[in-house]
Amino acid sequence: MSDLTRWFDPRKGPFDLFERLFEGEGGTAGIKVEEHMDGNDLVVRAELPGVDPETDVDVSVADGALTIQARREENQERKEKYGYRSEFRYGSFSRTVKLPEGATADDVSATYTDGVLEVRVPVPEQKAQQISTKIQVKRT
């Protein structure tokens, strides 16, 4: 119940609730990801519009997990006949994805196209697990 009361805090206005619903708990958007296997590669696609992948994105593998960290700083200015509007949007965010057993940082690749970061992590083939066989016990 405390989570519910935190969302509807009477000290917050309706715009604060709107921001929390669409930008996440911390006031900055989280990274939305999708992951799937493509052959022997784990493919993680992350939505990162408005960032410079060379300076604002860090991808790392450690302790069996892939971590994507990004920073965004955006400034929009509009001068119109009857006024001026300036809007800033900035913040840092990250996402960690647990990797399958045996995956390492070796041969991991990352590409960025049209606001989407794609990370490919080679995963070694898993050895087939032994299937247990029931042995019948005979009375002698």
Side-chain angles (χ1 to χ4, degrees):
M1 189 66 170
S2 65
D3 288 342
L4 187 59
T5 57
R6 191 170 37 135
W7 274 89
F8 296 101
D9 187 341
R11 294 171 292 162
K12 305 277 184 185
F15 292 107
D16 293 318
L17 177 61
F18 183 79
E19 179 179 304
R20 292 180 85 176
L21 286 172
F22 288 97
E23 293 194 348
E25 191 68 33
T28 58
I31 300 174
K32 295 177 184 166
V33 299
E34 62 182 26
E35 49 185 289
H36 67 276
M37 291 297 294
D38 181 17
N40 287 336
D41 288 347
L42 171 67
V43 178
V44 178
R45 292 172 38 96
E47 212 177 57
L48 294 173
V51 299
D52 181 347
E54 295 174 351
T55 60
D56 297 335
V57 177
D58 295 317
V59 178
S60 62
V61 174
D63 300 325
L66 168 72
T67 301
I68 300 169
Q69 296 178 317
R71 294 165 297 286
R72 175 182 302 139
E73 190 170 322
E74 192 175 335
N75 180 11
Q76 295 177 351
E77 293 184 34
R78 265 194 311 212
K79 296 179 182 178
E80 297 175 356
K81 184 177 180 180
Y82 297 106
Y84 171 81
R85 179 183 174 121
S86 176
E87 193 169 313
F88 295 96
R89 190 170 80 169
Y90 56 90
S92 297
F93 34 93
S94 68
R95 183 74 182 261
T96 300
V97 175
K98 185 173 173 20
L99 295 176
E101 190 173 320
T104 65
D106 300 336
D107 300 322
V108 172
S109 63
T111 56
Y112 183 87
T113 306
D114 296 331
V116 177
L117 175 73
E118 181 177 286
V119 181
R120 291 184 160 269
V121 181
V123 178
E125 286 190 44
Q126 301 294 317
K127 294 179 183 175
Q129 294 181 354
Q130 283 187 322
I131 300 172
S132 64
T133 305
K134 184 174 180 176
I135 309 296
Q136 185 176 5
V137 178
K138 296 180 183 176
R139 188 178 288 224
T140 56

Response to the item:
The side-chain hydrogen bond (donor to acceptor under 3.5 Å, both in side chains) partners of Thr55 (sequence neighbours excluded) come to Asp52
Discussion item. Nearest 0.5 angstrom please: Ile68 CD1 to Ser60 OG, how far?
Written reply: 9.0 Å
Worksheet, complete the sentence: Heavy-atom nearest pair, Val123 first then Ala103, reads CG2-CB, 4.3 Å
Response to the item:
So CZ of Arg95 and CG of Leu117: to nearest 0.5 Å the spacing works out to 13.0 Å
Item to complete: Just jot down the salt bridge (Lys or Arg N to Asp or Glu O under 4.0 Å) partners of Arg71, sequence neighbours excluded, or say none.
Response: Asp58
Fill in: Pairs flagged by salt bridge (Lys or Arg N to Asp or Glu O under 4.0 Å) wherever residues 131-140 is involved - sequence neighbours left out
none
Discussion item. Tell me the closest heavy-atom pair linking Arg72 and Gly50, and the distance in Å.
Written reply: CG-O, 4.0 Å
Worksheet item: What pairs with Asp56 under side-chain hydrogen bond (donor to acceptor under 3.5 Å, both in side chains), at least two apart in sequence or on another chain?
Response: none
Worksheet item: Quick check: does any side chain N or O of Tyr112 sit under 3.5 Å from a backbone N or O of Val57, one acting as donor and the other as acceptor?
Response: no
Fill in: side-chain hydrogen bond (donor to acceptor under 3.5 Å, both in side chains) partners for Arg45, two or more places apart
Glu34
Worksheet entry | Contacts of type salt bridge (Lys or Arg N to Asp or Glu O under 4.0 Å), residue Glu47, not counting sequence neighbours | none
Discussion item. Applying side-chain hydrogen bond (donor to acceptor under 3.5 Å, both in side chains), can you list everything that pairs with Thr67, at least two apart in sequence or on another chain?
Written reply: Thr96
Output a table of donor-acceptor pairs, distance under 3.5 Å, between side-chain atoms of residues 36-44 and any protein atom two or more places apart or on a different chain; print 'none' if there are none.
unit_1	atom_1	unit_2	atom_2	d
Asp38	OD2	Arg120	NH1	3.3
Asp38	OD2	Arg120	NH2	2.9
Asp41	OD2	Arg120	NH1	3.3

Worksheet item: Which residues satisfy the salt bridge (Lys or Arg N to Asp or Glu O under 4.0 Å) test with Asp114, sequence neighbours excluded?
Response: none
Practice prompt. Report the residues that fulfil side chain to side chain contact (heavy atoms under 4.5 Å, CB included) with Ala105, sequence neighbours left out, ordered by chain and then residue number.
Written response: Val61
